[in-house]
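First comes the structure, then the notes that go with it.
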Amino acid sequence: MSTDAPQTTDETSETSTEDAPAEAPSAGDRRRAQKQERAAERAREEAEAEAAAEAAKNTVHLKVFRYDPEVEGKQEPRFDDFHVPYEKGMTVLDALMYARDTYDSSLTFRHSCRQAICGSDALFIDGSQRLGCKTQLSDLDMETPIRVEPLPHADVVKDLVVDMEHFYEQMEAVEPYFQTDDLPDEELEEQRQSRENREKVKMSTRCIWCSACMSSCNIAAGDNEYLGPAAINKAYRFAMDEREGEEMKQKRLEILEQEHGVWRCQTQFSCTNVCPKDIPLTEHIQELKREAVKNNLKFW
Amino acid sequence: MSQSYNRGLIEDFGRWREFSAGMWAWIFHKFTGWVLVGYLFTHIAVLSTAIPAAGAEEAVLTAGEDVYTQTIVTLEDLLLVRILEVGLLAVAVFHILNGTRLLLVDLGIGLESQDKSFYASLILTGAITVASVPTFIAGAF
Ligand code: HEM
Ligand code: SF4
Ligand code: FES
């Protein structure tokens, strides 16, 4: 639109120079000139209006949770509004960083890799647990303000930062490292995994310890001792690894079968829905439940 | 250590608008399960009137004047009871359909379409409930 208008003006001016006699301008010429001017004026106005509309469209309105226990006057949680210039491809994390760097350096949140690898920036964005760096603003409803809050079901330390200690403890509780009593004969022999077995655990290895799943889980919210989806998935990764051997598997199942283990899961699929690495968490938990049953049920 | 702040309702049911299919399925399943247990008790209470009724005289029974028949007739005369019965059917149908869905989920079948099977349970429940209304309400007025 805006490019069309000047073009028409150009064309008219060209034709008028061709037509116009070199001598004194006629009344018709004056009228044409006036008309041209008015057209140019209109085009300018249009362009301005459009630029204004464009600018409005091109800022994104963030509503960010703020809380700082150490500063009096900030101890009562509130929401701050930030209007950030939008650029194509901008993520929620980009917008937060812009807000922090431009408007308020006290705005606090964790981030590092900016490519969904470090797991630091799981946030509660527009009512769902997401990674700030993996969430395109264009995928959210930019017509309404975008709400950015710390992860629910975790203690807020400051602004968007939550205490991850409990989550890490649950992860550690399942012994998230390879252990085996099934060593190869020779000392330097490789301990190989079959392709099929690798495929089986593939998705479960992708966890980045972001805690989005734990935060989304209604059961974990009510039962602080529940291992949680991430830890159970971690246990799945090793329990299903054939190289660990039978005895290790028994030990792993014992951890998973305890009161606050797999049986707490009520298959709400909240964790599976929010996992930024698309790990089929519920599927893994359900499979471990069946493993546990098979392990204990004996009809003979 | 850092202090922390409890955000109250936002943590839980304050965000019901954002609940996903699986979460609703869970809430409805719990609710319908407990309604069914509640109904079981009233059901037993009503049926128990058949015990004294069984000892009644032949003539009283044929006249339909025993406690059991009287109780049932009185209850079924109430419009409220008829409406509650429609509700009970809805609750039972949903619980059975979603219960079947949960059993499939436990077996690891169709996990990718768990949300669709929940919506299907809801729609089927709605359809069956609507279809049952004429039967339950017939003669209530
Ligand atoms: C065909 C009939 C039924 C089916 C297929 C069915 C299926 C199920 C399933 C799969 C669960 C969930 C177990 C879990 O994974 O946590 C459940 C829970 C439950 N059911 Fe049923 N059920 C049926 C009938 C009934 C009846 C007749 C009653 C009541 C007398 C009942 C009461 C409950 C209760 C109280 C719960 C637990 C709810 C909770 O989580 O607190 N169910 N049912
Ligand atoms: S399982 Fe997914 S949501 Fe949970 S911590 Fe790992 S990456 Fe995050
Ligand atoms: S910044 Fe590393 S996961 Fe988002």
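Hydrogens, waters and symmetry mates play no part in the numbers below; they use all other heavy atoms, side chains included. Every chain is numbered from 1, with letters handed out A, B, ... down the list of sequences.
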I'd like a table of donor-acceptor pairs (distance under 3.5 Å, sequence neighbours excluded) in which one partner is a side-chain atom from residues 39-53 of chain B, with atom names and distances.
from	atom 1	to	atom 2	distance (Å)
B:Tyr39	OH	B:His43	ND1	2.9
B:Thr42	OG1	B:Tyr39	O	2.7
B:Ser48	OG	B:Ile44	O	2.5
B:Thr49	OG1	B:Val46	O	2.6

- prompt: Between A:Ile219 and B:Trp26, is any pair of side-chain heavy atoms under 4.5 Å apart?
  reply: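 Sidechains of B:Trp26 and A:Ile219: in contact.
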Please check if the number of heavy atoms outside [X] that lie under 6.0 Å from its [atom1] is greater than 12.
{"X": "A:Arg195", "atom1": "CZ", "result": "no"}
{"X": "A:Glu169", "atom1": "CD", "result": "yes"}
{"X": "A:Tyr168", "atom1": "OH", "result": "yes"}

query: Does any heavy atom of chain A fall under 4.5 Å from the side chain of B:Leu102, the backbone, both, or neither of them?
result: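 For B:Leu102, side-chain heavy atoms alone lie under 4.5 Å from chain A.
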A:Glu291: partners by salt bridge (Lys or Arg N to Asp or Glu O under 4.0 Å), with sequence neighbours left out: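 A:Glu291 satisfies salt bridge (Lys or Arg N to Asp or Glu O under 4.0 Å) with A:Lys249, A:Lys294 only.
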task: Report yes or no: does A:Arg290 contribute a side-chain atom to a donor-acceptor pair with the main-chain N or O of B:Asp106 at less than 3.5 Å?
output: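 Checked: pair present.
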Side-chain atoms of residues 128-136 of chain B: list all donor-acceptor pairs with protein atoms under 3.5 Å, sequence neighbours left out, distances to 0.1 Å.
from	atom 1	to	atom 2	distance (Å)
B:Thr129	OG1	B:Thr125	O	2.6
B:Ser132	OG	B:Thr129	O	2.7

task: With a 4.5 Å heavy-atom cut-off (strictly below), which parts of residues 257-269 of chain A touch chain B? List them by number.
output: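 Expected list: A:Gln266, A:Thr267, A:Gln268, A:Phe269.
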A:Glu287, part contacting chain B, at a heavy-atom distance under 4.5 Å: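 Nothing of A:Glu287, per the 4.5 Å heavy-atom cut-off to chain B.
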- request: Nearest 0.5 Å please: distance from the CD1 atom of B:Ile27 over to the CG atom of A:Asn218.
  value: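 It comes to 7.0 Å.
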